[in-house]
Amino acid sequence: MPFVNNYPMNNLITVVTRFQLPAGVNADQIRAAFDEAAPRFRNVPGLVRKQFLRSKDCRTAGGVYLWNDERAARAFMSERVAPMVREKFHVDPAIEFYDSPVIVENWRAA
C-alpha cells in the first residue's frame with residue numbers, strides 16, 4: 001500500500017472550504033486573520049495538513065485540509081470550522097469532502 005508522509009493512501013480525505021469575505025477587506029487583513037487562526041489547527045487529531053486560501057481579488061477565502069480520519073474531519077468541520085467562519089465573517093462556508101486516492105508530493109525541505 002502506498003504511503004505519503006507515513007499516512008496510508010487508502011484513508012486520506014481532502015476537505016475544501018470556501019466563503020465570501022466582507023467588501024473592503026485587503027490582503028494584509030486576510031493574512032492577519034489567517035495568522036491568528038493558524039494555531040487552532042495545530043495538533044488536531046487526524047489532520048495531516050491545512051492550507052489557507054485567498055482569492056486574488058480578496059473576495060473569497062477558504063481552506064484545503066488533508067485528513068487521515070474521515071470521522072474526525074466531519075466533526076471538526078461542523079463543530080469548529082463552520083462556527084469559526086460564521087462568527088468571524090458572518091457567512092456559512094461551503095464545505096466539500098473528497099476521497100484522495102493519489103497524492104503527488106513535490107515539496108523538498110531546503
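Quick caveat, the model's predicted, so the values are computed rather than measured. Just the heavy atoms: all of them, side chains too, but no hydrogens, waters or symmetry mates, feed the values below.
When every heavy atom of Ser100 is checked against every heavy atom of Ile13, the shortest pair comes out as OG-C, 4.0 Å. Contact record, Pro45 with Ala72: O-CB, 3.8 Å, taken as the closest heavy-atom pair.
For Glu79, the side chain to side chain contact (heavy atoms under 4.5 Å, CB included) partners two or more places apart in sequence, or in a different chain, are Ala75. A search for side chain to side chain donor-acceptor pair (under 3.5 Å) contacts involving Arg18 returns Glu96, not counting sequence neighbours. With sequence neighbours excluded, the residues that form a salt bridge (Lys or Arg N to Asp or Glu O under 4.0 Å) with Arg86 are Asp92. Residues satisfying the side chain to side chain donor-acceptor pair (under 3.5 Å) criterion with Asp28, sequence neighbours excluded, are absent altogether. For Ser78, there are no side chain to side chain donor-acceptor pair (under 3.5 Å) partners at least two apart in sequence or on another chain. Legend: residues meeting side chain to side chain donor-acceptor pair (under 3.5 Å) with Asp35, ordered by chain and number and at least two apart, are Arg31. With sequence neighbours excluded, no residue forms a side chain to side chain contact (heavy atoms under 4.5 Å, CB included) with Ala32.
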Checklist entry - Could you walk me through whether Leu12 and Ile103 pass the side chain to side chain contact (heavy atoms under 4.5 Å, CB included) check? => result CA-CA 9 Å; Leu12 294 177; Ile103 296 174; 3.5 Å; yes

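Atom-to-atom distance recorded for Phe41:CZ and Gln51:CD is 12.5 Å, nearest 0.5 angstrom. Distance check: Arg40 CZ to Arg80 CZ gives 8.5 Å after rounding to the nearest 0.5 Å.
No more than 12 heavy-atom neighbours from other residues, nucleotides or ligands sit within 6.0 angstrom of CG on Asn43.
Pairs passing the ring pair (Phe, Tyr, Trp, His ring centres under 6.0 Å) check and including a residue from residues 79-100, sequence neighbours excluded, read Phe19-Phe89.
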Per-pair distances, 0.1 Å, donor-acceptor, side chain in residues 60-67, under 3.5 Å, sequence neighbours excluded:
{"residue": "Thr60", "atom": "OG1", "partner": "Gln20", "partner atom": "NE2", "Å": "3.3"}
{"residue": "Tyr65", "atom": "OH", "partner": "Lys50", "partner atom": "NZ", "Å": "3.4"}

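Under the 4.5 Å side-chain heavy-atom criterion for Ile, Leu, Val, Met, Phe, Trp and Tyr, Leu47 and Met77 are members of the same hydrophobic cluster. Each of Leu53 and Val25 belongs to its own hydrophobic cluster when Ile, Leu, Val, Met, Phe, Trp and Tyr are linked at side-chain heavy-atom distances under 4.5 angstrom.
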